[in-house]
Amino acid sequence: TVVGISLGYGLLQLMLQLIPNLQIEFSAIAMLLGPLPVAMLTSAVVLLGFVMPSLLQLLNTPPIRVIRQQEKSVQSMLWMLLTGTLSLIIFSVILTENLLLTAWVIGAIIVLCAVLYLTVWGVLKLLRNMKLNLSAYVRTPSQTALQITALALGLSLITVLAVLRTDLLDRWQQQLPEGTPNQFVYGLPPFDMPDLKAQLEQNGWKS
């Protein structure tokens with residue numbers, strides 16, 4: 001939004017005033033043609049896909065239904081799931097710029113979610129029909145299964161990222177040749193570059 005752009009620009013100017021030796025090349029035209037359209041498109045896709053269906057349903061929901069705490073209809077849940085998946089596909093295609101990769105990733109996520117949902121829904125349905133003490137907590141197996149599936153998917157993705165991070169680092173270390181630099185300097189201001197080079201030469205370090 002205009003407020004967010006103005007706030008970001010103001011904070012950037014404040015940072016430049018507080019750190020006078022900091023040199024940052026800033027171009028409003030480059031921002032308007034680069035990250036700003038991507039950020040606006042991302043916000044619009046997420047808003048339309050995940051928030052807008054709920055808002056439209058809220059406008060058409062009578063107050064008596066809210067008071068009675070009636071569960072959502074299957075049609076509304078399917079509509080929200082469809083719009084959310086569609087927005088996720090659009091967002092993934094924009095970021096990856098690879099339609100085949102997006103299709104494989106989204107397809108795998110959909111299959112995984114379907115398997116998890118059917119498994120959890122079957123277990124909850126069985127618990128509800130057994131008339132046990134836990135049956136009182138399973139009023140709507142479909143909605144409860146959807147919530148458990150979302151939680152399980154999030155935890156599984158975090159686990160996969162943690163495992164892949166360690167595995168990728170090990171593989172990269174094995175593939176690097178001997179003598180490869182293993183220490184890096186990020187965010188070094190240009191006015192500190194001569195001192196860094198002098199220190200490297202003084203200690204005999206190669207760069």
Side-chain angles (χ1 to χ4, degrees), residues 1 4-5 7-8 31 34-58 61 69 71-128 134-176 180 182-184 186-187:
T1 60
I5 297 174
L7 181 61
M31 181 191 68
L36 183 60
V38 177
M40 295 177 63
L41 181 60
T42 302
S43 303
V45 169
V46 173
L47 179 64
L48 294 176
F50 292 93
V51 180
M52 190 61 66
S54 300
L55 293 178
L56 293 177
Q57 184 182 5
L58 183 61
T61 301
Q69 296 183 356
E71 61 180 273
K72 297 180 180 179
S73 62
V74 179
Q75 183 180 1
S76 62
M77 294 181 62
L78 291 177
W79 175 249
M80 293 175 60
L81 181 62
L82 179 62
T83 55
T85 305
L86 183 60
S87 63
L88 181 61
I89 293 174
I90 297 174
F91 183 66
S92 301
V93 171
I94 294 174
L95 291 182
T96 61
E97 298 181 355
N98 191 330
L99 187 59
L100 182 60
L101 177 62
T102 301
W104 277 105
V105 173
I106 298 298
I109 293 176
I110 292 175
V111 172
L112 179 61
C113 290
V115 173
L116 288 175
Y117 178 81
L118 292 176
T119 303
V120 175
W121 179 80
V123 172
L124 294 177
K125 200 75 172 179
L126 180 62
L127 289 176
R128 185 179 181 181
L134 294 176
S135 302
Y137 299 97
V138 187
R139 297 179 54 188
T140 54
S142 58
Q143 294 186 12
T144 306
L146 186 60
Q147 295 173 358
I148 295 176
T149 301
L151 178 61
L153 180 62
L155 294 177
S156 63
L157 290 177
I158 294 175
T159 305
V160 169
L161 289 177
V163 174
L164 285 180
R165 177 181 179 275
T166 305
D167 183 67
L168 288 176
L169 289 177
D170 294 339
R171 290 178 181 270
W172 288 341
Q173 291 178 357
Q174 294 175 1
Q175 294 176 1
L176 292 176
T180 302
N182 56 358
Q183 295 182 357
F184 305 92
Y186 293 98

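Atom set for the values below is all heavy atoms of this structure, side chains included, hydrogens, waters and symmetry mates excluded. Please read all numbers here as calculations on a predicted model, not as lab measurements.
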- In a check of side chain to side chain contact (heavy atoms under 4.5 Å, CB included) between Y117 and each of L112, L153, I148, L146, which one passes? L146
- Message: Using every non-hydrogen atom in the two residues, find where L116 and A152 come nearest and quote the distance to one decimal.
- Response: CD1-CB, 4.3 Å
- Which value, rounded to the nearest 0.5 Å, describes the distance between I109 atom CD1 and T85 atom OG1? 9.5 Å
